[in-house]
*Asks:* 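One structure, pasted below without further comment.
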Amino acid sequence: MRSLFRAVLSLSLLQAFVNVQAAEASKPLQFYFVDVEGGQATLVVSPSGESLLIDTGWPGYEGRDADRILAAAHQAGLKQIDYVLITHYHRDHVGGVPQLVDGIKVGTFVDHGPNLEDSQVTRADYKAYEKAIAGHAHVLVKPGWELPIKGIQVRVISAAGEHVTEPLLGAGQANSYCAAEPSALVDDTENARSVGVMITYGQFRFLDLGDLTKKKELEIACPNNLLGRVDLFLVTHHGADLSNPKALVWALHPQVAIVDNGARKGASPAAWQVVHDSPGLQDVWQLHYAEESDKAHNTDPERIANVKENCEGKFLNVTAQKDGSFTVINGRTAEEKKYSRKP
Ligand SMILES: [Zn+2]
Ligand SMILES: [Zn+2]
């Protein structure tokens, strides 16, 4: 009798365990592409509930960008942000840190190490960052490292001017687009030292290279593409022409591209066209209508989060499943579009 009871008990425990596993397996990986007016702030929420914020937008504007990040965190049900990754020390990425830490608890700050850009403004912004993160856990990362976020894989691709030299799993094929690619200039700004990450959840792959510029992007893509293909690509450097060489973008073969541009920053027509024409690309989504471009180099309004320059700071939300399918939701209209994984 007792052993039967024990058997029943362990069966129900097993069932409970299976139920928890099933619930975790069905939870999506979430992204919130926060509108910080031409900077970056990408909030990533793992199915495990752990969170990663990539960059923090601009300082000033009465805490506008931190407030927008907090609104996304609130919608995601977060009480704290476990990791804040700073791609590089330009103001549109690191500037929001002091206001962010005033508004929400942050676990660990992750970056590429000290600022090496010889400019007054970036030295000042780096100093403000160092001051704001005092007392927080702080990790410097190198290419190839993985951030310890449960439920997803966050692989560092580039950092401090270095990059992975071995292909990621399944990648490393010769890249036929390299032959026609013009050579790129050396960039000694913080952009070239951006921390880039590949985030993987089952079959789903997302790439964010911060503001990496062409020379470094090409080192990763040519002569062999070390990254392989991605499902979702955050267009590098807000869609600027200094970044996004065809040999990288086309080899990545993204299904969907998101541009974190501002009304008058990023989404340059030439870079936009490279992304738009990428083989296999289904849609470009934008955080803003690019005012200085033209209609032919902006995506359809239904895929733009903010159509007016004087905007409400709406975001784009992506939910990704383990099988590689994902849905993009326009925070302005609540309309969504589902993308299934191609064979
Ligand atoms: Zn930037
Ligand atoms: Zn930058």
Side-chain angles (χ1 to χ4, degrees), residues 32-43 53-61 64-66 68-69 84-97 99-100 110-129 141 156-163 184-197 207-217 220 233-245 248-249 257-268 270-272 275 286-288 290-293 305-306 313 315-316:
Y32 296 84
F33 296 89
V34 180
D35 175 29
V36 289
E37 309 292 342
Q40 185 180 182
T42 307
L43 179 63
L53 175 67
I54 304 176
D55 290 332
T56 61
W58 302 86
Y61 306 105
R64 177 197 68 198
D65 291 357
R68 290 179 179 179
I69 293 164
V84 173
L85 168 70
I86 299 299
T87 60
H88 65 298
Y89 304 117
H90 281 161
R91 178 162 285 192
D92 55 322
H93 298 256
V94 74
V97 170
Q99 289 159 325
L100 180 78
V110 180
D111 59 52
H112 70 60
N115 166 53
L116 294 173
E117 183 176 296
D118 185 17
S119 76
Q120 202 69 37
V121 60
T122 304
R123 273 194 294 271
D125 288 340
Y126 181 63
K127 210 168 177 186
Y129 168 65
V141 288
V156 177
I157 301 300
S158 60
E162 305 291 319
H163 53 80
L185 297 171
V186 173
D187 171 11
D188 59 7
T189 72
E190 265 293 298
N191 289 337
R193 290 187 278 276
S194 289
V195 177
V197 290
L207 182 67
D208 176 351
L209 295 177
D211 283 359
L212 214 62
T213 37
K214 280 183 177 172
K215 191 164 180 15
K216 296 290 176 189
E217 289 176 289
I220 299 169
F233 175 47
L234 179 65
V235 177
T236 310
H237 203 178
H238 325 288
D241 285 340
L242 287 171
S243 307
N244 304 297
L248 170 77
V249 177
I258 289 183
V259 191
D260 56 357
N261 63 315
R264 294 181 187 278
K265 190 182 161 205
S268 313
W272 190 94
V275 173
Q286 294 171 209
L287 280 183
H288 261 275
E291 301 283 343
E292 287 164 9
S293 190
N306 299 283
F315 50 71
L316 295 173

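What's counted below: heavy atoms across the whole structure, side chains too, no hydrogens, waters or symmetry copies. Counting convention: from 1, in listed order, for ligands and their atoms alike. Numbering of residues begins at 1 and proceeds along the displayed sequence.
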*Asks:* Give a yes/no answer: is there an N/O/S atom of Asp211 under 2.8 Å from the Zn ion (ligand 2)?
*Replies:*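 It does; at least one qualifying atom falls short of 2.8 Å.
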*Asks:* Checking side-chain polar atoms at under 3.5 Å, does Tyr129 have a donor or acceptor matched by the opposite partner on Asp111?
*Replies:* yes
*Asks:* Would you sort out whether Asn191 and Thr213 count as a side-chain hydrogen bond (donor to acceptor under 3.5 Å, both in side chains), showing the intermediate values?
*Replies:* CA-CA 6 Å; Asn191 289 337; Thr213 37; 5.8 Å; no
*Asks:* Answer yes or no as to whether an N/O/S atom of His93 is found below 2.8 Å from the Zn ion (ligand 1).
*Replies:*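 Yes - counting backbone and side chain alike, His93 has an N, O or S atom under 2.8 Å.
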*Asks:* Rounded to 10 degrees, what angle sits at the Zn ion (ligand 2) between Asn191 OD1 and His90 ND1?
*Replies:* 80°
*Asks:* Need the atom name: nearest N/O/S atom of His88 to the Zn ion (ligand 2).
*Replies:* NE2
*Asks:* State, without any angle test, whether Thr236 and Glu217 hold a side-chain donor-acceptor pair at a distance under 3.5 Å.
*Replies:*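 Yes, a side-chain donor-acceptor pair sits under 3.5 Å.
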*Asks:* Would a 4.5 Å heavy-atom cut-off, applied to side chains only, mark Asp118 and Arg123 as touching?
*Replies:*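 Yes, at least one pair of side-chain atoms sits under 4.5 Å.
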*Asks:* How is the N/O/S atom of Asp92 that comes nearest to the Zn ion (ligand 1) named?
*Replies:*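 Answer by atom name: OD2.
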*Asks:* Could you tell me if the side chain of Leu43 sits less than 4.5 Å from the side chain of Ile69, heavy atoms only?
*Replies:* no
